[in-house]
Every structure is written in C-alpha cells, then in structure tokens.
Amino acid sequence: MADVIVVGGGHNGLVAAATLAKAGRRVQVLEAREDVGGICHLLMDGSTLSPEVVKSLGLSTSAELASKAVNHEGRAINLDASAGDAGYTGWRSWVDTVRPALAAQLDAAAPDIGSTAPIWPLAKAGMAVRKLGKRDMMELLRVAPSCIDDWLSEHLTDPLLRAALMMPALQGTWMGPRSPTSAAALLLREACRAGTSVSTGSLPEALLAACKAAGVEVTTGATVKRIRIEGGKVAGVELADGTPVDAPTVLSTVGPKATFLRLLHPRHVPGKTAHQMEVVRVRGTLARIELDAATEVSWPGQHFFVANEPMHLERAFDDVKHRRLPTVPPPLEVGVGLFGEHVSVNCWSAPYELKGGWTDEAKDALVASVLESLEKAVPGAKDAKVVGVKTPADLETEFGLDGGHPNHGEIALDQLGPMRPSMKLSRYGTAIPGLWLGCAGIHPGGGISGRPGLFAAQAMLRG
Amino acid sequence: MSALGTSGNPYDAIVVGAGHNGLACAAYLAKEGRKVLVLERRHLVGGAAVSESLYPGFTYSVCSYVVSLLRPWIIRDLELVKHGLKIVPLECSYTPQPDDAGLCRWPDPDKTREEIRRLSPRDADTYPEFGRAVSRLSRFVKPFIDSPAPDPLSLKPKDLWQLMGMGRAFRELGDDLTALQFKLTTMGGVDFLREWFESDQLIAPMSCSGIIGTFLGVNSPGTAYVLLHHYMGEIDGSSRAWGFPVGGTGAISEAIASSARSHGAEIRCNAAVEKILVKGGKTYGVALQSGDELHSKTVISGCEPRLTFNTFVGAEHLPDEFVTQVSRYKARGSSGKVNIALDRWVDFKHRPGDGMHVRGDIAIAPSTDYLERAYDDAKYGDFSKKPYINLVFPSLLDRNMAPPGKHVMSCFVQYAPYDIKEGPSHWPEKREAFGDAVVDTLADYMPGLKDAILHRQVLTPWDLEQDFGLTEGNIFHGELGLEQLLFQRPVAGWARYKTPVKNLWLCGSGAHPGGGVMGAPGGLAAKEMLKQRAV
C-alpha cells in the first residue's frame, strides 16, 4: 500500500510525488489521461518554473524563449533587453529592483490572515516589502492595484511592446488591460520568473523520469471517482471502475473545486467550505488550435505573440466579458515546434461560458477568426491545415479543468496569497486528516510553476 | 480692513474655493479664532454642492444631488442644523425594468425581501444576512474616513499606534468578515455580489454604487468596496443610506457658510484666484484674476490637486518627483448631469403614480450586461448610448423645488468620458446629443417624458471642468481607486493635507478620505492644521 496517493499527474502532482518519494515515502500517482503533464501540453511559458524544483529534481534548463511580437501589419519586434523602446530599460530595472520583495511573497506558505493566527508571518511578508525603501515601496503600492495599461503607458511608447508584455501577464486572469489590479498580474509573473526556462513540451517526460528515478508508481488512465473518508479521515480513493486504492494520505492536485465539490461526498465537506469552493471563479478563456506546419509559411520565430496594441487586447476581453465569439481578430500566442511538429496557437479570449455554448458552428467561427488574425501577422498562415481545436469546454472534459481554466482558479487579487483558494485552504492542509491540496489553485498559483506541488509536499513532510 | 490676524498677516488663512470642503475647513479654523478668508470664483458658494434656479420657479441641485456620508461630527461641531440644514431620507431605491415592475428596495427590510422574493426566494433570504455582514464591515471602515490617513512608513509612536489599532480592529472582525473585507476591497462589484445573489435584476442596481464617479465598469476589480458606503450612510445618527437636503445640495454649503460666517470667516464670491504665491518654497498668499494680491500666513486649497499644483502653484515651485506623481494622478471624468424641469408628473410605465417608490433614487440599471455595455461605449471614447442613470425627483421631497404640480428631475448620468475620441473640447458640439441619449433612455421607462419637459440643463464632463473647476470633470477630484486612497491620496507621502510648498495645505476631495459630500477632508485638514499649530 502506498503512503501517499497523488490525484492528478500534472506538473504539480509529479513535482510533489517526486519530492515525497525522495524523502522516502511510497507514492502512487493516479492520472486520468493516458499521458502525464496536464497543462504542460498547453502552456508555452516555461520561464516561471521554480528554480528550487529545477534544482531538486535535476531538470535541464535553457535560456528563456526568444519571443517576438508581431502586429496585424506584419511589424515584428524582439521581446528582449533591446526591445527598441527608450523607456524599456528603466522600466525593467525598476521591476528587477522590486522582484526580490515580490518573490518573497511566493514563500512556502501564504501567511494566515485569520483572526487567531500568529501575526509574525504577516509582519514578515510586510517587512520584505518595506525593505525596498520608501520610494520603491510607495511606487509598488501605487502600481500594483492599478491597471496594466496605465502603468506601462507611463514608461513605454511602443503600443506593440506594451501589448506583448501584457499578454503573458493577463493569461489566467479574467481581465483586460484596462482592469484595475491587472498590473499586479504582471508583477506576479515577474516575481515567478527565474531567468531560465524549461521546454514545457518536454517537461512531462522530464518530470516522469524524475518520478520513476525516485521510485514513484505512476498510473495513467486511472480516473479517481471519489476520495474515501472513513472514520473522519482519509482511507484512500475509489477509481471510476469501482476499484478501491488504499492510502492514509491523499494529495489532490486536480483543483480545490473538483476536490471538495466532486471528489468528496458532501457530508464530508466541512462547514462553509462547499460554498467557499463554489464561489471560486474559474472562467477559462483559453482555446488551443493546432496547425499542420507542412505548409510553406515563414514563421517569425519559435514563439511569438500576435497583437496590435493594448486596446486590441481590451476589445478581445470585451468579447470574453460578454461571452461571445471574437468580434475582432483575436490576439494570439503561437509556438512553432514547441509541441512536436505542429504550430500551436493559444487564443486567450475564448470564453468558457460562451452564449449558446461551444457548438461545432461556434468552434468553426472561432477557428476562422484565429486564422484571420494569424494571416494578418503571418501571410500564408491561413492555408495551414487545422489538425486540432480545443475550446475551454474541451479543456474541461479532456484535462479535468473546472471551467477549462488552466490555473484551477482565476488570477485575481482576491484569489491570491492567503485567499487562494480560501482563507483556510491556502496552506496545503485541509480540515480532513490525511487530505492535502497542491495545485495551481493553491497559493502561490501560477502557470507552469511547480511551487504549489513542491510546497505541498514539504508541508506534508513536516506533518 | 480690520485688525490683522494672529500671525501679523491680514489673514491667518486663505481658503481657495468655497466648495463644501473649503467652507468646512474655514468654519473649523474660524471657530478656533483664526482669521479666515474664503475666495470663490463663481457668484455663489457651494462648488459642486450648489443649488441654482436656472428656469423660473425651479431649483436644480446642479451637480451633487443626494447626500449620504456628510460626517455627523461636522454637523454637530458646526451646528449645521441651527444654520438651516435639514435632510430628509430617501424612501426607496427603485430600479424600473423596461418590461415589468422592476424592483423597489425600501428602508423596511421585510418589505424589500418581499420584493426580492419575486425575483429569487433564495436572494430574499440572503439579503438581510448580506446587510448585516456589510454593515458590520462598514463600522470597521468608518474610523478610516474620520481620521487622517494612516502612514505605513512612519515610525513615530503615534503613527505606529494608529496602524496597530487598525490591525487590531481588522483581526477582531473574525475569519468570515476578514475574508469578506479582503474580497470587498479587491473584487469587482458584480463578482462580489454573485457570491451572495443569483438575480441579475438585484445585482445590477447594487453593483452601481461601485462605479459612480469612476471610469470603471461593474465588472472591474476594485469596485466592490464602495458597496460599503451604502451601509455607512448616516442621517441624524441612524444608519439610513441616502438623504436629500431640503433646498437642494446647495443648502448644505449654505449652512456651512453660515456657520463659518458666524465665527467670523469672510467669504468673497466673484473672486477668482489666478495664482498661489510662492517664494523660497513657501506660500504667502494668492493673486486674483482681478490683479489684486492677498497675503496670509497659510493658503489652503479646496480645489482639485492638479488644478492646485499645475495651475495655481506651477511646476517650478515643486519637486520634480512630486510633479511626476501629480501628472500620474488619475481623475478621468466619466459622468455628466442632466437637470430637467417638468410641466407635470410623468408616470413610470409599470409603476405609475408619485407614491413612495419614486420618493427616493431611481436607477436605470436593468441588467449587469446593460451597465457593462454602457462602460464599453465610454472606453472607446464615446458617451453611452444607453447610459446608467441615477435620478431623483427633488420636488417630491421638497415642494419648494418646483412650482405646484410641476417637478424637477435630477439625473446623474454615466458614462460620459471626458476624453471623447474627438477630443474633450468637442464636447459642446455633442452636448445636446448626450442630453438626447439620456432623455431617450428615460423615455423607455417613462413614455410621457418628452412632452412634459420645459427646460433641460445638460452638463458634460467638459462643462464640469470649465464651470466648476473639476479637472477632467471628475466629480471626486480624482478617482477613488485603491491606488489613490488613504496614504496615497493624492500623492504617496503627502496624504495628510500638507504639500511640498510650505504653508500650503489641501482640504478638498482630492485629499483623504476623498470625494462625495462628506466634509471630512475639509474638517480633518483644519483639525490637522490646528493640531500642528500651522495656522
């Protein structure tokens, strides 16, 4: 019998499993899909993976992707230190100044803001910010709650550069560039950035290898139907086919909503937790389109964004907000050969709650808009063969993501830190003995981060 | 001119602008024996809290038209009731729907629940619980608006004590309310309300309180916390949300002015300030547009921060970094005002009559989608084709506002962005089209409206700037966004009414705790100056 069952073989589940196994625990990972890695198959940004994870699991890294941005007139810029905007260096150096204070907020556990909790961890978090000195601290407090468009406009003149810096930050939020607090999303992403990158396409294999080396048993094609609670504590899980798997400890990495609202019987869900999980917002906006790259197209690079200017992103968010198909050719994120041979296109403005639902017609209309947008940036792209389309509804079914949301919870100030996913659940443990949480739905969240999995495992090892 | 002030100057303090905050500040200082002069550009006091008769027999509350947060301590200290202030409570918050009776929310919670039950029995049951939770939080927040902004950087024992007190109060809320407070300060109004309610017809009007005066939509993060204000309102010490001042909003300003005069303050109208005089980093008075110079030990500006610093003081007298911060201060106007004189009562389609349901505020906010669409128009540089409107019939609350049988309508309209795509100075060409959009929208709910209109005054954000000195037409002298509140209002490090110019102070809505007819910035600035013996 395993000591720990990890429900879900996404990157956080695998990181947690390997960490636990290396500490001597017998660990079994149960993954519903036929392959592991979860959202690593979807997200392209591998620069936010925790350096601690990289180090402890011996993963290989490379320089960050040389990303570009291309607008609908075909103008391309490099998103590197020489981004071609006079204000960029100054902006970047200020972000680098505050990065340590921000990174300190990603610490193992979120401070408890509850009324009976000790005040020290909270004070510590505050002190990391105060250490910046008056000027930078005040600037940070001014910038963080403001909207990303205002902030970047204060420094940068190139609208394409501004849009391109916003796009990765707005992923996983339900915000546009004009939404207050969107600047905080960019600060969060910057805090997570390590300076190096992993290839998300090959991360699942690398993590699987680390797990195997540590002795983790990884079972794919095994859907967990429920978490068994006996005598008030965890007894194991039951698979979809009725097979029970026993273990005294279960780490769920399939999202706090799924864990409490579906994997547990309502009678086992403590007090207000059910309601707290119901109100966690998970409105996914990601659609994925795979193109056959065989066509003769000269792609601008391996990774690039298609956008015009910030208000282009805002209009795309308006479509999300009104739960409709694109009314403007949408902004895109494109990876060429990042996942096998295909050209992968992420459209981050496809609303999960589309009015009328994601019918075949809706899917076709989305694809047409995406290709139109891509064609404007990369002539000839519209002739590429579409080999796969995944709407947020598909992501929900295929990857078990509530709302099709890759972060198991929107990135929003009220759903971060001590509030992610709720005040009592942001520190990996739960009120049910033996049940732990450890996915992007828990502090400190993130895309491809590995921190929640690592911190959950560390918390479990501490007991 | 009579004897000199205590400082040897003709005046101890000159207050620029006779808005309600400038007047409150002057009254407090005069009450403590200081020789105070208030200078007002217009021909009457009140600033944006002003009543004017622009059509024979009718009185408009030209800009601000209802009152909720006028601080009780100001009413008491300045004896405003003795000086004529009378506020009558609004009896209802009515949200008509184009196709049905809509929703009335009454001061009587049971009556409100019955109304909500029609929309959702679940929401009806949740409503009182929501009210209790938010009221509890509003009691926690209230001390913040009744004392100077906390300073998170100061190590002075007094400031640390204030911070600790606030921290303690926060922890005493208990876990559920702590979480709620966290959500209130960061979430969008609609998202926040959806955690409690399911009926969009209830959520829409409730979410509106968060957008008033901001350039944000009901879904924008950070708009939820203004919901607190609805539960913070106090009239005569009782927690009733909104009230209407008898005689219009100008009556508040006049009561404060009367109180100030009774303590010896001098108020001069038609006296437009051209410059605040600065020499060696220190102010010594003001220059008027007439060419006169008036000297005093201190100058206190009740005007909007950018008007004060950019126009009256001038960048050359200010540190560069301060100038940058002021240029980043956000005060985008987003609203206009339409005042209408009516020949007769006009019924609402689905709730006719001039009963209690219209003796309060009426919100044109049929759905959250409607409100969000109104914002979309503004985001791209146009006024809302179908705007959010909050209207009051002052003539139902005070018979003297209009001749017998006739009525006045006071319509607050959002969104009307200052920066329309043609450029702000093109507003005058669009003014009547904007007014028409408002009347057309209202006519969907009040079919007989158009024929009953005798006179209409349309104020665009451009007009609010040109006529009332509200830069970019922002009614709060700067948006009430998270990054512009407390110790960051108007500029981080300068939130306690002082400015980088020695002896120049701020006392308007651009200072802590911000806009609305509260009087708090004026009162608190005066108290702070007296405490520091600055005047």
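Reckoned from all heavy atoms, side chains included, excluding hydrogens, waters and symmetry mates. Because the structure is predicted, anything quoted here is derived from the model rather than measured. Lettering of chains follows the sequences in order, A, B, ..., and the numbering in each one begins at 1.
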| said: Tell me whether the count of non-hydrogen atoms from other residues, nucleotides or ligands lying under 6.0 Å of NZ in B:K421 goes above 12. | reply: yes

| task | Quick one: pull up CG in B:D191 and CD in A:Q415 and give me the separation to the nearest 0.5 Å. | result | 8.5 Å

| NZ/B:K385: more than 12 non-hydrogen atoms of other groups inside 6.0 Å | yes

| query | Which one of A:R135, A:R315, A:M137 has the most heavy-atom pairs closer than 4.5 Å to chain B? | reply | A:R315

| task | Dump the intermediate steps for side chain to side chain contact (heavy atoms under 4.5 Å, CB included) on B:R194 and A:R281, then the final yes or no. | result | CA-CA 10 Å; B:R194 278 199 187 131; A:R281 301 188 303 289; over 6 Å; no

| message | One thing to verify: whether A:K272 and B:D175 come together as a salt bridge, which I'm taking to mean a side-chain N less than 4.0 angstrom from a carboxylate O. | response | no

| field | Side-chain touch B:Q181/A:I113, heavy atoms, less than 4.5 angstrom | value | no

| query | Just checking heavy atoms, which of residues 474-486 of chain B are less than 4.5 Å from chain A? | reply | B:L482, B:E483

| Most contacts with chain B, counted as non-hydrogen pairs under 4.5 angstrom, among A:K134, A:E278, A:E154, A:M311 | A:E154

| query | Is it the side chain or the backbone of A:T181 that comes within 4.5 Å of chain B heavy atoms, both, or neither? | reply | side chain

| Between B:K330, B:K183, B:R328, B:M187, which residue shows the highest count of heavy-atom pairs closer than 4.5 Å to chain A? | B:R328

| message | So for B:E172, is it side chain, backbone, both, or neither that comes closer than 4.5 Å to the heavy atoms of chain A? | response | neither

| task | Hey, could you give me the CD/CG distance between A:Q276 and B:D176, rounded to the nearest 0.5 Å? | result | 7.0 Å

| task | Report yes if some heavy atom in the side chain of B:Y380 is under 4.5 Å from a heavy atom in the side chain of A:D318; otherwise report no. | result | yes

| B:Q488 versus chain A, heavy atoms under 4.5 Å apart: side chain, backbone, both or neither? | side chain

| request: Taking all heavy atoms of A:M138 and all of B:G493, pick out the closest pair and write down the distance. | output: CE-N, 4.2 Å

| chain A heavy atoms under 4.5 Å from B:R332: which part of the residue, side chain, backbone, both or neither? | side chain

| task | Please look at A:R142 and chain B and tell me whether the side chain, the backbone, both or neither of the residue comes under 4.5 angstrom of a heavy atom of that chain. | result | both

| field | Residues of residues 367-375 of chain B contacting chain A, heavy-atom criterion under 4.5 Å, by residue number | value | B:D369, B:E372, B:R373, B:Y375

| request: Run the numbers on B:Q325 and A:E139 for side chain to side chain contact (heavy atoms under 4.5 Å, CB included), then give the verdict. | output: CA-CA 10 Å; B:Q325 295 296 349; A:E139 180 66 0; 3.9 Å; yes

| said: I'd like to check B:F487 versus A:L141 (side-chain heavy atoms, cut-off strictly below 4.5 Å). Are they in contact? | reply: yes

| field | Check: A:S179 and B:S220 side chains under 4.5 Å, non-hydrogen atoms | value | no

